[in-house]
Amino acid sequence: MYALIDCNSFYCSCERLFRPELKHRPVVVLSNNDGCIISRTDEAKRLGIPMGAPFFKVKDLCRKKGVAVFSANFSLYTDLSNRVMGTLYEQCPKVEVYSIDEAFADLSGVAHKESLGRELRSIILKNIGVPVGIGIASTKVLAKVANHLAKKSQKAGGVVYLSDQRLVDIALKRTPVEDIWGIGRKSAQKLINLGLKTAFDFKEYDNEKLIKRIFTKVGLQIQEELRGINCFSFAKELEKKESIMCSRSFGKSVYDKSALKESVANYITNAAGKMRAQESLCTRVSVFARTNRFKATEQYYLYGEREIAATSDTRKIMKVALDLIDEHYREGYEYKKAGARLSGFCLSSELQIDFLREEDSLADNKLMQAIDLINKKKGEGSIKLGACGLDDSAWKMNRNYKSPRYLSSWNELKEFK
DNA sequence: TCTGGGGTCCTAGGACCC
DNA sequence: TCTGGGGTCCTAGGACCC
């Protein structure tokens, strides 16, 4: 038995915490660069603001209806997420953090599952102030279905427990195929073409070969999960990433190579830091940059990648990344976005037994550790390589509606009178 | 004027080997 | 007309998630 605990309109809820006067007002949060809507409260949904809508298309509507608009403030959201997950770890035997705003809990062996759900919900609301919805069922996919209903139904009080097959079937009949976890737009359309409209229809559909052919192995697994058979395992340990990427759209178009390289230097710095935090070394570095895909001008997609000897040293990775830009850069294009990816990971514990390395690599390692420590204590970006530049005005993102870092900066604490 | 960022998994098909 | 067969490994691209 699994519970899925999912924060309601998480980013918006975080912003509301520090602005209680927004409690019943519509709120939206924008993606990086104030590009599009990535979180909406129910009030904003009812105004017809779609998820993922480009902000410029709904800006007028927001102004007219008095919607509170925020630029994304990820350090705030991460901090609050950690508090929510911390509470879950205290209350539940086994927890798998699935994303910034949701987690599965394994409730096998828990006697009163529904009351535990209600208790969790009220503890999180009281201690952290973030409302959550909880769905409980025998598989992850069914827990997702239950969670959906918990958020939609008024009388559920935020918790839905699908304790027997009768309840499961009722829930599945109320779930359109496009709302099933793992069924996206393309797959939903294919199911509808087969005459399958609800999750119940899909569960009952009995043509294994066809499902496999159209939806691959994953489609079969989702079907099994709807039938109550577990296919998606529970990962208690926090798993390491297999690749780490950092990319951004620019606030304004970039026309010169040095600004592009500077931006990529910053992305590499960020990605390499995250990689060291999970104690990995990378053996592959890739970089990319692209022109504005929404503009009818001629497009160019810059891409380069290279294999390197395993390292976590920002300087070595940086050199390769900047060389790749030099090799693939083309003059005369209007670049709008760039990024870098590190992959081909191995464990940093393997570094010490590699006698073929240059002898200074251990010292390099120490240098990186020292930099990470200083940045952790003094704030990200306190120390970085010269290649990252000092003046980021040529490519920095726009963030015109940013809330203060209430929880991670002494200068931005909330004041009460 | 203005359209995010960061991941995972699966499969087909090519390269390569004997 | 006609050009082995079978296996593994790797990668690109699609689809999906939040």
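Side chains are part of it too, since the values below use all heavy atoms of this structure and drop only hydrogens, waters and symmetry mates.
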Closest approach to the side chain of A:Ile38, judged atom by atom: which nucleotide of B:dC10, B:dG4, B:dT3 is it?
B:dG4
For the pair A:Phe18 and A:Tyr406, name the ring-plane relationship: parallel under 30°, tilted 30 to 60°, perpendicular over 60°.
parallel
What does A:Phe294 touch in the nucleic acid at a heavy-atom separation under 4.0 angstrom: a base, only the sugar-phosphate, or nothing?
base
When rounded to whole Å, the CG to C1' distance for the pair A:Asn32 and B:dT3 reads 13 Å
For A:Lys384, the salt bridge (charged side-chain N to carboxylate O under 4.0 Å, His left out) test, sequence neighbours excluded, returns none
Distance, P atom - from B:dC2 to C:dC18, rounded to whole angstrom
30 Å
A:Lys140 NZ/CZ over A:Phe104 ring centroid, <6.0 Å and within 45° of normal:
yes
List the atom pairs, donor and acceptor, that lie under 3.5 Å between side-chain atoms in residues 51-69 of chain A and the rest of the protein, sequence neighbours left out.
from, atom 1, to, atom 2, distance (Å)
A:Asp60, OD1, A:Arg63, NH2, 3.3

Whole angstrom value for the distance that separates P of B:dT3 from NZ of A:Lys295:
10 Å
Is DNA chain B part of any stem, that is, at least 3 consecutive Watson-Crick or G-U pairs with both distances under 3.5 Å, and where?
B:5-18 with C:5-18
Over how many whole Å does the gap from A:Asn33 atom CG to B:dT1 atom P extend?
16 Å
Between A:Lys240 and A:Phe56, which is nearer to the 5' end of DNA chain B once each is assigned its nearest nucleotide?
A:Phe56
Looking across every strand, which nucleic acid part, if any, lies under 4.0 Å from A:Lys241 by heavy atom: base, sugar-phosphate, or nothing?
sugar-phosphate
Please confirm whether the shortest side-chain N or O distance from A:Lys337 to OP1 or OP2 of B:dT3 is below 4.0 Å.
no
Check this for me: A:Lys94, atom NZ, are more than 12 non-hydrogen atoms of other residues, nucleotides or ligands nearer than 6.0 Å?
no
Between side-chain atoms of residues 208-223 of chain A and protein atoms elsewhere (two or more places apart, or another chain), which donor-acceptor pairs fall under 3.5 Å?
from, atom 1, to, atom 2, distance (Å)
A:Thr216, OG1, A:Val218, N, 3.4
A:Gln223, NE2, A:Phe202, O, 2.9
A:Gln223, NE2, A:Tyr205, O, 2.7

Is there side-chain contact between A:Glu225 and A:Phe232, with at least one heavy-atom pair below 4.5 Å?
yes
In B/S/- notation (B base, S sugar-phosphate only, - none; protein heavy atoms under 4.0 Å), nucleotides 12-18 of chain C written 5' to 3' is ---SSSS
Given that A:Asp34 and A:Gln221 both sit by DNA chain B, which one's nearest nucleotide is further toward the 5' end?
A:Asp34
Nucleotide nearest A:Lys217 (side chain, heavy atoms from C-beta), chosen from B:dG7, B:dC10, B:dG5:
B:dC10
Check: A:Tyr2 ring centre within less than 6.0 Å of A:Trp181 ring centre
no
I need the CE-C1' distance between A:Met275 and B:dG7, as an integer number of Å.
17 Å
What residues from residues 244-257 of chain A pass a heavy-atom cutoff of under 4.0 Å to DNA chain B?
A:Ile244, A:Met245, A:Cys246, A:Ser247, A:Arg248, A:Ser249
Taking CG from A:Asn400 and P from B:dT1, how many angstroms apart are they, rounded to a whole number?
17 Å
Using the six-membered ring wherever Trp is involved, compare the ring planes of A:Tyr301 and A:Tyr303 and label them parallel, tilted or perpendicular (cut-offs 30° and 60°).
parallel
side-chain N/O A:Arg293 vs B:dG4 OP1/OP2, d < 4.0 Å:
yes
Spacing of the P atoms in B:dC17 and C:dT3 (rounded, Å)
24 Å
Whole-Å gap separating P (B:dT1) and CD (A:Glu334)
13 Å
From A:Leu347 CG over to A:Gln278 CD, what is the distance, rounded to the nearest 0.5 angstrom?
9.5 Å
Using whole Å, report how far CZ of A:Arg399 lies from P of B:dG5.
11 Å
Under 3.5 Å, is there a donor-acceptor pair between the side chain of A:Asp101 and the main chain of A:Asp6?
no
Nearest 0.5 angstrom please: A:Asn33 CG to A:Met397 CE, how far?
7.0 Å
Spacing between A:Arg290 atom CZ and B:dG4 atom P, to the nearest angstrom
10 Å
If you count heavy atoms of other groups shown closer than 6.0 angstrom to NZ of A:Lys319, is the number above 12?
no
